[in-house]
Amino acid sequence: MSETQIFEYKSGLDPEQLDADDPLHGELMRLNIGPQHPATHGVLRLKVTLDGETLESCEPVVGYLHRGKEKSCESLGWRKFFPHTDRLDYVQPFLNNVAYALALEKLAGIQVPQRAQEIRVLLMELSRISAHLIYLGTTAIDLGAITMFFFTFTEREKIYTLLDAYSGHRMNNTYVRMGGLYADLESDLVAEIRVWVDSFPEKLDEFDSMLTANRIWHDRNAGVGALTKEEALAWSLTGPNLRASGVEWDLRKDMPYSGYEDYDFDVPVGTTGDSFDRYLVRMEEMRQSVRLCRQALDRLEKSTGSDWLLDDRRYVLPPRGRTHESMEELIFQFKVVTDMSLPKGEAYHAVESSKGELGFFVASDGTSDPLRCHIRAPGLMNVQAIPLLAKGRLLSDLMAIIGGLDFVMGEVDR
Amino acid sequence: MGSLTPVGSADSQAGFFATQADALINWGRKNSLWPMPLGLSCCGIELMAMIGPKFDIARFGAEAARFSPRQCDVLIVAGTLTWKMAEACRTIYDQMPDPKWVIAMGVCSSSGGMYDSYAVTQGVDMILPVDVYVPGCPPRPDAVIDALMKLQKKIERESPTGRLAQGVLEGGDEGTGAFSMPPNQAVTTHRIGTYVAPGDMTPGDGSEDQSS
Amino acid sequence: MSATSDERIEAALGQDATAREARDGMATYIVPRAAAHDALSRLKGAGFESVTLVTAIDRMPREPRFEVYWQLLSLQHKLRVRVVAEVPEDDAHVASVVDLWPGAGYGERECFDMFGIEFDGGSNQRLLMPDGYDHFPLRKDFPHQGIEPDRLYREWERERRSEAGKS
């Protein structure tokens, strides 16, 4: 009988040391992960070279969901591109809508009414929470905590129900328009949203108690995929990934839009820049989003009845009933639908999405055909950082890195 | 087709049934459909919601989502299929053992949907046969559950023993993609159309289907 | 996003650059193609830590046809700047800035993928479209529905069928 070998679990093992004991050390193996793999969060493909269990190199291959959105914008026109923006980062449709609408509004030089801004802020923060819940659920399921998936999806279903009540569809709502929104938020729905917003912090505490002090969750995330400030900036990372590395940069604070400068909230910042810090930053961001939601709800209650859509017939459709009564309105509607043109020039607007800086760079030549609409996708930059973070780590760390960076392929590939 | 009829009186303790082999096989198949969730885009999120607590497809015996095609019965193509992804999708389909069914979830996988562009297939039926189409962008989970029930009805009408007699299963060509007849030929009432690429007169999928 | 013409940018860019009006009020400068890399590296020295996007616009039928855009972000000055270089179609290449900001790599690859503009010193590989694809989709003379979009798949399909037939 051979002796029984006992393997001891030690946290923070040095990969170099592990390799020295590995009989297969030095023999490289190429491994293909994806494009259909549950842990790549969509259709990402990774070409991995392994030395034993250590990642020698990791090359992401993207484009498996490239749908030609930028070209679609050029052939569809400015207005008809709105539904396409929902399907960019499909876990946070409202944020994408607003980013695009703000870019167009900047190009056209129009200002949105106060109430529309408040509704937008509320819906953006709800979207951010639901996007972070997807991050939490899917990353936890990849690292073995399957219960989290069901917990986070229960909460997401509640957000979906609220959005369903507002827009008539669970996701991909397309309720943002140039100059405002498609419909006003009714006061009974505002009350319902408040009920959910009030109940959510308790759930967050529950998630917190399940994960933050969880030994497995901590050991699989802490120290994995650490980035310094300088690296994160040079690799164009933004959003929670940048903040986890200790850079206090939030577009809502530093380059405010939609009236964020009047809201009271804090920007969480990490210290080590590893996957665990990214998790902590996102958890705190959800709490801050709850604060923002509450403030937006307070304002909405006060502003009931005021304008929520700009009265500018160059870009905004007339109210539906009016087109049946007035010839001018009918002509305006026809003009806006068939050839709405934006002034000649170019504009860029970015919002702080759940993944980072989501920007739209729009250029018009003065006709109704868009010249260019470039989407600055934060997810693409997050994917770009995978090789940097993965090198020298163990293969199982790759799942924590991918989960921690957080991207959605619809936005990465566009 | 036949159903599970108890034999003897209702209070009999014998505990056996008399039924047709087809009915028994179909009953087993339709109530344990293991889905292969090919979550490509937005619909993938709704597919996750469907497996999640509120909609809970475990009620229909289809909660055992396996990410390996070799263990699955029904391929749910959820989302936009691009030409770059088409090879992977077809490979997954080929790797699934017979009998296999396909649900095209969402307008993108049904017809290309809003993406009439240079990178997107105009429906998955361009590259593989589809049993149930679900419209919607994305469809609500209830709609997909409805599709699953429709698929169950379809399975009920199949004749597995008839297919066995025709020798499909003896060929042992699962996984190579060179199946000699469409998976549901025993019952299909309509055929998947032949797609011929522009400028390419080599017949695409379905050429064998027409001849057999 | 204010400060249309910050002295810092002007000083860093030097004589080569000419300012251009932008609708969003962002500081926008046109630089000659050959001087783009130097100008961008001076901007990096002036405190622009991060590159936000690298993209291009096809202004067909105008000549030079392409405009390459770099958009930089300075966190310390809370400032953005846009640098534009004009690139003709028959000699479509500019210097890569991957040596300054590694994060520009995917933007440049996408630009090559979509417009066919080569970046000297960059990887010049396809990013979103498959390898072996022979068009540049975002050029204005490329149709939205594409030219033979399924060519690569059909080639693979024929190969697969012939292999399956052999075994």
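What's counted below: heavy atoms across the whole structure, side chains too, no hydrogens, waters or symmetry copies. All figures in this text were calculated on a predicted structure; none of them were measured in a lab. Order of the sequence lines fixes the chain letters, A, B, ..., with proteins taken first and strands second; residue numbering starts at 1 for each chain.
Within the 4.5 angstrom heavy-atom criterion, no atom of A:Ile375 approaches chain C. Looking at C:Arg126, there are no atoms closer than 4.5 Å to chain A (heavy atoms on both sides), in backbone or side chain. Only the backbone of A:Ala108 comes within contact range of chain C, with heavy atoms under 4.5 Å apart. Looking at A:Glu231, neither its backbone nor its side chain comes within 4.5 Å of chain C, counting heavy atoms on both sides. Only the backbone of A:Val412 comes within contact range of chain C, with heavy atoms under 4.5 Å apart. With a 4.5 Å cut-off on non-hydrogen atoms, C:Gln71 touches chain A through its side chain but not through its backbone. Proximity to chain C (any heavy atom under 4.5 Å) is shown, for A:Glu70, by both the backbone and the side chain. Interface remark: A:Pro60 contributes backbone and side-chain atoms alike to the contact with chain C (heavy atom separation under 4.5 Å). Contact annotation for A:Ser364: neither backbone nor side-chain heavy atoms come within less than 4.5 Å of a heavy atom of chain C. Interface residue C:Pro137: only backbone heavy atoms are found under 4.5 Å from chain A. For C:Phe142, the parts sitting under 4.5 Å from any heavy atom of chain A are the backbone and the side chain alike.
Formation of a donor-acceptor pair under 3.5 Å by the A:Arg243 side chain with backbone atoms of A:Trp249 is found in this model. With hydrogens and angles ignored, the 3.5 Å screen pairs a side-chain donor or acceptor of A:Gln384 with a backbone N or O of C:Tyr106.
Looking at C:Arg82 and C:Asp24, a side-chain N of the basic residue comes within less than 4.0 Å of a carboxylate O on the acidic one, giving a salt bridge. A salt bridge is absent between A:Arg372 and A:Glu346; no separation between the charged side-chain nitrogens and carboxylate oxygens falls under 4.0 Å. The existence of a salt bridge linking A:Lys355 and A:Asp89 is confirmed by a sub-4.0 Å separation between a basic side-chain nitrogen and an acidic carboxylate oxygen. Between C:Arg139 and C:Asp141 there is no salt bridge, since none of the side-chain N atoms of the basic residue sits less than 4.0 Å from a carboxylate O of the acidic one.
Note: A:Ser75 leads A:Ser75, A:Ala103, A:Gly345 in heavy-atom pairs under 4.5 Å with chain C. The candidate with the highest count of non-hydrogen atom pairs below 4.5 Å against chain C, out of A:Gly359, A:Gly68, A:Ser72, is A:Ser72. Taking chain C as the reference chain and counting heavy-atom pairs below 4.5 Å, the highest number among A:Arg414, A:His66, A:Glu230, A:Lys71 is found for A:Lys71. Across C:Met129, C:Glu110, C:Met114, the residue that shares the most heavy-atom pairs under 4.5 angstrom with chain A is C:Glu110. Of the listed residues C:Asp113, C:Leu75, C:Leu53, C:Leu100, the one with more heavy-atom pairs under 4.5 angstrom with chain A than any other is C:Leu75.
For A:Thr367 and A:Asp365, the side-chain atoms include at least one donor-acceptor pair closer than 3.5 Å. Defined by atom type and a distance below 3.5 Å, a donor-acceptor pair is present between the side-chain atoms of A:Tyr64 and A:Arg45.
Between A:Val362 and A:Trp78, some side-chain heavy-atom pair lies under the 4.5 Å cut-off.
Considering A:Phe82, A:Tyr348, A:Phe361 in turn, A:Phe82 is the only one that fulfils the ring pair (Phe, Tyr, Trp, His ring centres under 6.0 Å) rule with A:Tyr100.
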